[in-house]
Visitor: 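Okay, here's the structure, questions in a sec.
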Amino acid sequence: MNPALQRLQSWLGPYSAVLLSLGAPVAVLLVLAMMVLPLPPLALDLLFTFNIAMALMVVMVAAQMVRPLDFAAFPTVLLITTLLRLSLNVASTRLVLMDGHTGPGAAGQVIESFGHFLIGGNFAVGLIVFAILVVINFIVITKGAERIAEVSARFTLDALPGKQMAVDADLAAGLIDDKEAKRRRQELGDEADFFGAMDGASKFVRGDAIAGILILFINIIGGFAIGMAQHGLSAGQAADSYILLAVGDALVAQIPGLLISVASAMVVARVGKERDVGSMIGTQLFGSWRALAISAGIVTTLGLTPGMPHGVFLFMAALLGASAWWLRERDRMARLAPPPAPAAPPKSDEASWDDLQPVDTLGLEVGYRLIALVDKTREGDLLSRVKGVRKKFAQDVGFLPPSVHIRDNLELRPSQYRLLLRGAVVGEAEAYPGLWLAINPGHATQLLPGTRTTDPAFGLPAVWIEERQREAAQMAGYTVVDCSTVIATHLNHLMQVHAAKLLGRVETQQLVEHLTKLAPKLMEDVVPKLVSLPSLQRVLQLLLEEGVHIRDMRSIVESLAEHATQTTDPAELARRVRVQLSPAIVQQIYGPVKELDVIALDPELERLVMQALTSPNGQALDPGVADQLGRRAAESSDQQENRGVPACLLVPDLIRAPLARLLKRAAPRLKVLSHSEVPETHSIRIGSVIGGAV
């Protein structure tokens, strides 16, 4: 910055506020002084130029304002500009009447230029042009703006109480604080005052137009009288001098008045508080390519009509057509363009609840080589396999499991995957895209070249082979599956094993809602009147822990309705439900056979176990006996399965539940039935007995 300008700015700094506050009063006093003090022609030229520039500035500000309060000083500006024009009219009238006989430059170059340039020195033309401008200003613009200002002021005042009540309601609801409420009330009051002031200020413009007409006639009559009586001019000479100057003076004042009238109309006629007038007109009037295209077609038709100026019409039609085509292409590209990515929220170093991510009920993490399996663009089908697993699980087990959230984990080995249940790892293995897993179901003897492994779901021996060996492996008795099937089968197996943990409170509620649609009266009588939702969840979990499917929810709820009045213990309710579901449980284990090949306990061992597990002092089975019992149960289970018979242990009712929990870890595939769970339509054959050295 210039050093001299810096010194001036530093000197004016302390006085800038005072100068701004005194600017308006001083300007008003100077304007009023011009009415009584004579001004030289040069000063009059400067003030006329300033008047025109001020009118242009007012129009520009009015066009760019967004809210009415953005130009809250407009009523005052309207008053000051009106006074300025009237003062200039008085000052110019003085010069015209005093020195008009000397020639057209008596009142300054601005009036002379308007008299010669705009109307060609012909005062008759000037009178007509002035009359037209007065009609436009007085009848069209001023009258319309006055009416709009009056209606706007009335509507704003009528709506003020409702708007203030809305602010009070937002404050009472806690949506805004006291400062915001105070600001909104102040804004509403200022807006009402603004439209009220505009209603009165529009009268200034109307009076200014009337004053311009009167001043013109006064100048003409006074000029004729002074020129002919005092200076001895003829009527023609007086007309050439005084009327020309009077018309030029009127035009110089009328053009800024017309601009101020337009600005006033723009301020009171605008609608909306979001964009300025230019943006609204551009988007609403010229934003439709269909409107432009239709207009181009009509103008083209007019241009081709005989007798019309073809060139002008066709040129305008070409402009409209090009604009319509450009807007249409812009809209089409906007529709085809992908939606913009949402802006990332600003990062904050402060901890928040957003940093706490919920743990997924079911999760699948994959290494980077397995990402292609879940990418549809790369023909990955693991997602569809997972959806199929969830659907089959719901059909078999009886409830819809949670969604499986799949994500990549760079900490895993490239071909490794990991299955998680509530954040804990429940299974992991490796799968190789492009290879096939040949699983030996137990009777295949041919050795296959490849990577030796075990089936991750059931622990059977398997080999990873190439595509070209697939057919040979199938002919040798192997079960051959692809990489996605390996992961999906592993997931399905773990979901079956951990079905009880997958049945959370949300899934139980959804199950109840689903059954309510099918049997509303039954559910209304049982849940939650007889059995609470947590108790129902626990009963279902106890059933699922032992592999009992809960598809027959109607029978389960009917059993609960029968026994819930006698006991509320979930374990006892689950035992009685098992008896109700015994045909389905037996069929789930053995299939449609009527003779059940079971494992039994030696009578002495059964008596020992019953005494230990049903003792009134609590279950107290000797650890050594429990260990031996687990090993013998696992051996018997393997023997049964080797014979192609399901492994099922038949025991008395009292010890079924605790014995099932005791043997679950040693023999996970061993099912434990009680005597009351064997249907009357089935017979029993004891295939093996656990006892002896135990």
Visitor: For the CZ atom of R554 and the CE atom of M523, what is their distance to the nearest 0.5 Å?
Guide: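 The CZ atom of R554 sits 10.5 Å away from the CE atom of M523.
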Visitor: With no hydrogens and no angle check, is any side-chain donor or acceptor of D597 less than 3.5 Å from a backbone partner on P646?
Guide: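 No, the answer is negative, given that no donor and acceptor are paired below the 3.5 Å cut-off.
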Visitor: Do H514 and L400 have side chains that approach each other closer than 4.5 Å (heavy atoms only, starting at C-beta)?
Guide: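 A side-chain contact is absent here, since even the closest heavy-atom pair is not under 4.5 Å.
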Visitor: What are the two closest heavy atoms between F393 and A499, and how far apart are they?
Guide: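 The pair with the smallest heavy-atom distance is CZ-CB, 3.9 Å.
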Visitor: Quick one: which of R669, R578, K664 gives a salt bridge (Lys or Arg N to Asp or Glu O under 4.0 Å) with E546?
Guide: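 Single pass found, and it is R578.
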Visitor: Search all heavy atoms of P456 against all heavy atoms of V486 and return the closest pair with its distance.
Guide: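 Closest approach of P456 to V486: CG-CG1, 3.7 Å.
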Visitor: Is it the case that atom CZ in R328 sees more than 12 heavy atoms from other parts of the structure closer than 6.0 Å?
Guide: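 Atom CZ in R328 is not crowded, with 12 or fewer foreign heavy atoms closer than 6.0 Å.
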Visitor: May I ask you to test the L544-L502 pair for a side-chain heavy-atom distance under 4.5 Å?
Guide: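 They are not in side-chain contact.
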Visitor: Looking only at side-chain N and O atoms, does T485 offer a donor or acceptor that is under 3.5 Å from a partner on D482?
Guide: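 Short answer, yes.
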Visitor: With side chains defined as the heavy atoms from C-beta onward, is the minimum distance between L596 and V678 less than 4.5 Å?
Guide: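 Heavy-atom side-chain distance check passes, below 4.5 Å.
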Visitor: With a 4.5 Å limit on heavy-atom distance, are the side chains of L370 and P433 in contact?
Guide: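 A side-chain contact exists here, since the closest heavy-atom pair is under 4.5 Å.
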Visitor: What is the minimum heavy-atom distance between A488 and R385, and which atoms define it?
Guide: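 Shortest heavy-atom separation between A488 and R385 comes out as CB-CB, 3.9 Å.
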Visitor: Got a salt bridge between R656 and E677, using NZ or NE/NH1/NH2 to carboxylate O under 4.0 Å?
Guide: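 E677 and R656: salt-bridged.
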Visitor: Is the shortest side-chain heavy-atom distance between S484 and L382 below 4.5 Å?
Guide: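 S484 vs L382: side chains touch.
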Visitor: Among residues two or more places apart or on two chains, list those pairs meeting side chain to side chain donor-acceptor pair (under 3.5 Å) that have a residue in residues 389-398.
Guide: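 Output for this query lists K392-D396.
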Visitor: Calculate, to the nearest 0.5 Å, the distance between atoms SG and CD belonging to C648 and Q640 respectively.
Guide: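 Between atom SG of C648 and atom CD of Q640 there are 9.0 Å.
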Visitor: So, using side-chain contact (heavy atoms from CB on, under 4.5 Å) as the criterion, who are the partners of N440 when residues are at least two apart?
Guide: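 Partners of N440 by the side-chain contact (heavy atoms from CB on, under 4.5 Å) criterion, ordered by chain and then number, come out as A444, P461, Y478.
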Visitor: So, D627 side chain and P623 main chain: donor-acceptor pair closer than 3.5 Å or not?
Guide: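 A pair under 3.5 Å: no.
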Visitor: Check the pair L659, V609 against side chain to side chain contact (heavy atoms under 4.5 Å, CB included), reporting the backbone distance first and the verdict last.
Guide: CA-CA 9 Å; L659 194 59; V609 172; 4.2 Å; yes
Visitor: Could you tell me whether the side chain of L540 reaches within less than 4.5 Å of the side chain of L511, counting heavy atoms only?
Guide: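 Yes - at least one pair of side-chain heavy atoms lies under 4.5 Å apart.
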Visitor: Run the side chain to side chain contact (heavy atoms under 4.5 Å, CB included) test on L518 and M553 for me, step by step, so that the C-alpha distance in whole Å, both residues' side-chain angles and the decisive distance to 0.1 Å come before the verdict.
Guide: CA-CA 11 Å; L518 304 178; M553 279 297 298; over 6 Å; no
Visitor: Do other residues, nucleotides or ligands put more than 12 heavy atoms under 6.0 Å from I684 CD1?
Guide: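 Atom CD1 in I684 is crowded, with more than 12 foreign heavy atoms closer than 6.0 Å.
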Visitor: Evaluate side chain to side chain contact (heavy atoms under 4.5 Å, CB included) for L435 paired with I465, printing each intermediate quantity in order.
Guide: CA-CA 6 Å; L435 298 182; I465 61 175; over 6 Å; no
Visitor: Is there a donor-acceptor contact under 3.5 Å from the side chain of E507 to the main chain of G504?
Guide: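 Between the backbone of G504 and the side chain of E507 there is a qualifying donor-acceptor contact (under 3.5 Å).
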Visitor: With rounding to the nearest 0.5 Å, note down the distance linking CG in D381 to NZ in K387.
Guide: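 NZ of K387 is found 12.0 Å from CG of D381.
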Visitor: Would you say CD of E411 has more than 12 non-hydrogen atoms from neighbouring residues, nucleotides or ligands within 6.0 angstrom?
Guide: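 It does not: E411 CD has 12 such atoms or fewer within range.
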Visitor: Looking at every non-hydrogen atom in both residues, tell me the closest pair between A634 and A666 and how far apart they are.
Guide: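 Minimum heavy-atom contact is CB-O, 3.7 Å.
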Visitor: Would you say CZ of R505 has more than 12 non-hydrogen atoms from neighbouring residues, nucleotides or ligands within 6.0 angstrom?
Guide: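 Counting other residues, nucleotides and ligands, CZ of R505 exceeds 12 neighbours.
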Visitor: Would H490 and Y417 count as having a side-chain donor-acceptor pair, cut-off 3.5 Å?
Guide: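 Present: a donor and an acceptor within the cut-off.
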Visitor: Taking H493 for the side chain and A457 for the main chain, is one N or O donor matched with an acceptor at less than 3.5 Å?
Guide: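 Confirmed, H493 side chain pairs with A457 backbone.
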Visitor: Between S636 (side chain only) and R632 (backbone N and O only), is there a donor and an acceptor less than 3.5 Å apart?
Guide: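 Present.
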Visitor: Roughly how far, to the nearest 0.5 Å, is the CZ atom of R422 from the CG atom of L420?
Guide: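 If I round to the nearest 0.5 Å, the distance is 12.5 Å.
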Visitor: Under the side chain to side chain contact (heavy atoms under 4.5 Å, CB included) criterion, do R576 and V579 qualify, and how do the steps go?
Guide: CA-CA 5 Å; R576 300 188 184 188; V579 176; 5.6 Å; no
Visitor: Is there a donor-acceptor contact under 3.5 Å from the side chain of D525 to the main chain of A561?
Guide: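 Flag not set: sc D525 to bb A561 has no pair under 3.5 Å.
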Visitor: Any heavy-atom pair between the side chains of L601 and L649 that's under 4.5 Å?
Guide: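 Sidechains of L601 and L649: in contact.
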Visitor: How long is the span from the CG atom in L503 to the CD atom in Q510, to the nearest 0.5 Å?
Guide: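 So the gap between those two atoms works out to 10.0 Å.
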Visitor: If every non-hydrogen atom of V548 is compared with every non-hydrogen atom of Q588, which pair is closest and at what distance?
Guide: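 Nearest pair, atom of V548 first, then Q588: CA-OE1, 4.1 Å.
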Visitor: Take atom CD of E513 as the centre, draw a 6.0 Å sphere, and report whether it contains more than 12 heavy atoms from other residues, nucleotides or ligands.
Guide: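 Above 12, so yes.
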Visitor: Looking only at heavy atoms, which two atoms of P679 and P583 are closest? And how far apart?
Guide: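 Heavy atoms only, the tightest pair is CG-CA, 3.9 Å.
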Visitor: Could you check whether any side-chain heavy atom of P652 comes within less than 4.5 Å of a side-chain heavy atom of H675, counting everything from C-beta outward?
Guide: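 Yes, side chains in contact.
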Visitor: Working to the nearest 0.5 Å, report the span between CD1 of I550 and OG of S555.
Guide: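 It comes to 12.5 Å.
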Visitor: Would you say E572's side chain and Q566's backbone share a donor-acceptor pair under 3.5 angstrom?
Guide: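 Between the backbone of Q566 and the side chain of E572 there is no qualifying donor-acceptor contact (under 3.5 Å).
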